[in-house]
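Taking it in order: structure first as structure tokens, then the write-up.
A quick note: this is a predicted structure, and the numbers were derived from the prediction, not measured.
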Amino acid sequence: RSGEMAKLTQLIDNEVFRAYATYTTIVLLKMMLMSLMTAYFRITRKAFANPEDTVSFGKGESAKKYLRTDQDVERVRRGHLNDLENIVPFLGIGLLYALSGPEVSTALLHFRIFVGARIVHTFAYMIPLPQPSRGLSWAAGYAVTISMAYKVLKTALYL
């Protein structure tokens, strides 16, 4: 009925929503891994942003040398920031897309390309692979999000 909220059981029975939940979980876990990678690189490179983080390496002047930037730490941080800039829009637009009634096969294609592109992007950033590998993987994921947004707007155009 019009004006009635969907019941949670209806969402769980919806194949597209289950696919969205699956691929969203994968990409969020990948993004969480970037936090762990940042911590790993900070510890192994002894490059910290906050004085309290250097306590186990010394006190006073001897600890100040660990308050520095490191090329590897910054590379991981930039990759993580890129995830935030791309995965967060995917979460919102992807949810609206999943609820807009797309074909299962089309939705799966969108979700798989996005997740695959973000994984390739991470490898391209961390290894680093030569350009345009990182740029192309970013563009593929971005295009998927735009495609889903277009479908949402086309389906429920209240502009």
Side-chain angles (χ1 to χ4, degrees), residues 1-45 47-49 53 69-159:
R1 278 188 263 168
S2 178
E4 191 173 303
M5 294 294 291
K7 291 182 174 67
L8 187 57
T9 54
Q10 289 173 309
L11 290 178
I12 292 170
D13 290 339
N14 181 316
E15 274 189 273
V16 174
F17 183 79
R18 285 198 326 262
Y20 167 77
T22 299
Y23 288 97
T24 294
T25 301
I26 292 167
V27 80
L28 286 173
L29 286 171
K30 188 221 88 56
M31 189 168 67
M32 290 171 63
L33 179 63
M34 296 301 286
S35 296
L36 295 176
M37 287 177 60
T38 301
Y40 170 79
F41 277 96
R42 282 203 180 283
I43 292 167
T44 60
R45 305 306 193 268
F48 302 98
D53 298 337
T69 59
D70 177 84
Q71 180 179 344
D72 295 330
V73 172
E74 293 307 309
R75 179 171 283 280
V76 175
R77 289 183 68 229
R78 287 190 306 271
H80 192 191
L81 180 59
N82 193 277
D83 274 352
L84 289 168
E85 293 169 348
N86 289 275
I87 292 172
V88 170
F90 169 81
L91 297 177
I93 292 171
L95 176 60
L96 296 174
Y97 173 76
L99 298 175
S100 73
E103 291 292 324
V104 175
S105 59
T106 306
L108 281 170
L109 186 64
H110 278 88
F111 301 152
R112 288 173 178 165
I113 289 172
F114 182 84
V115 172
R118 293 313 305 169
I119 290 169
V120 169
H121 184 271
T122 298
F123 280 108
Y125 224 128
M126 297 303 103
I127 290 177
L129 297 176
Q131 282 287 36
S133 58
R134 191 177 79 235
L136 289 174
S137 61
W138 170 84
Y142 200 81
V144 164
T145 304
I146 295 295
S147 173
M148 291 187 304
Y150 174 77
K151 165 72 163 114
V152 169
L153 289 174
K154 185 177 165 197
T155 301
L157 195 59
Y158 286 107
L159 300 176

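- The minimum heavy-atom distance linking Leu108 with Ala19 is given by the pair CD2-CB, 3.6 Å.
- Note that NE2 of His80 is 9.5 Å distant from OG1 of Thr122, once rounded to the nearest 0.5 Å.
- Side-chain contact check for Lys30 versus Ile26: every heavy-atom pair is 4.5 Å or farther apart.
- Contact between Val120 and Ser137 at its shortest, heavy atoms only, is CG1-CB, 3.8 Å.
- For the pair Met34 and Met126, the minimum side-chain heavy-atom distance is below 4.5 Å.
- For Tyr125 and Arg75, the side-chain atoms include no donor-acceptor pair closer than 3.5 Å.
- Counting heavy atoms from C-beta on, the side chains of Met148 and Val144 come closer than 4.5 Å.
- Taking 4.5 Å as the limit, every side-chain heavy atom of Arg118 sits out of range of all side-chain heavy atoms of Val115.
- In this structure, Tyr97 contributes its side chain and Tyr150 its backbone to no donor-acceptor pair below 3.5 Å.
- Scanning all heavy atoms of the two residues, the minimum distance from Ala107 to Val16 falls at CB-CG1, 3.7 Å.
- Distance alone, capped at 3.5 Å, places no donor-acceptor pair between the Arg77 side chain and the Thr38 backbone.
- The side-chain heavy atoms of Leu129 and Arg134, taken from C-beta on, include no pair separated by under 4.5 Å.
- Smallest separation of non-hydrogen atoms from Phe17 and Leu95: CE1-CD1, 3.6 Å.
- For the residue pair Phe41 and Val76, the shortest heavy atom distance occurs at CD1-CG2, 3.5 Å.
- In terms of modelled atom types and a separation under 3.5 Å, the side chain of Thr22 and the main chain of Arg18 share a donor-acceptor contact.
- Looking at heavy atoms from C-beta onward, Ile87 lies in side-chain contact with Phe114 at the 4.5 angstrom threshold.
- Going from atom CG of Leu33 over to atom CG of Asp83 covers 9.5 Å, rounded to the nearest 0.5 Å.
- Around the CD atom of Gln131, the shell of radius 6.0 Å holds more than 12 heavy atoms that belong to other residues, nucleotides or ligands.
- Residues Trp138 and Asn86 have side chains in contact (heavy-atom distance under 4.5 Å, counting atoms from C-beta outward).
- Distance alone, capped at 3.5 Å, is enough to place a donor-acceptor pair between the Arg42 side chain and the Ala47 backbone.
- Side-chain contact between Leu28 and Leu91 is present, with heavy atoms from C-beta onward closer than 4.5 Å.
- Note on ring orientation: taking the six-membered ring where Trp is involved, the planes of Tyr23 and Phe111 are tilted (angle from 30° to 60°).
- With rounding to the nearest 0.5 Å, the separation of OG1 in Thr25 from CE in Met32 is 10.5 Å.
- Taken to the nearest 0.5 Å, the CD1 atom of Ile146 stands 6.5 Å off from the CD1 atom of Ile93.
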- Can you list the steps and then say if Met31 with Val27 is a side-chain contact (heavy atoms from CB on, under 4.5 Å)? CA-CA 6 Å; Met31 189 168 67; Val27 80; over 6 Å; no
- Message: Using side-chain contact (heavy atoms from CB on, under 4.5 Å), reason through Thr24 and Phe90 one step at a time and then give a plain yes or no.
- Response: CA-CA 8 Å; Thr24 294; Phe90 169 81; 3.9 Å; yes
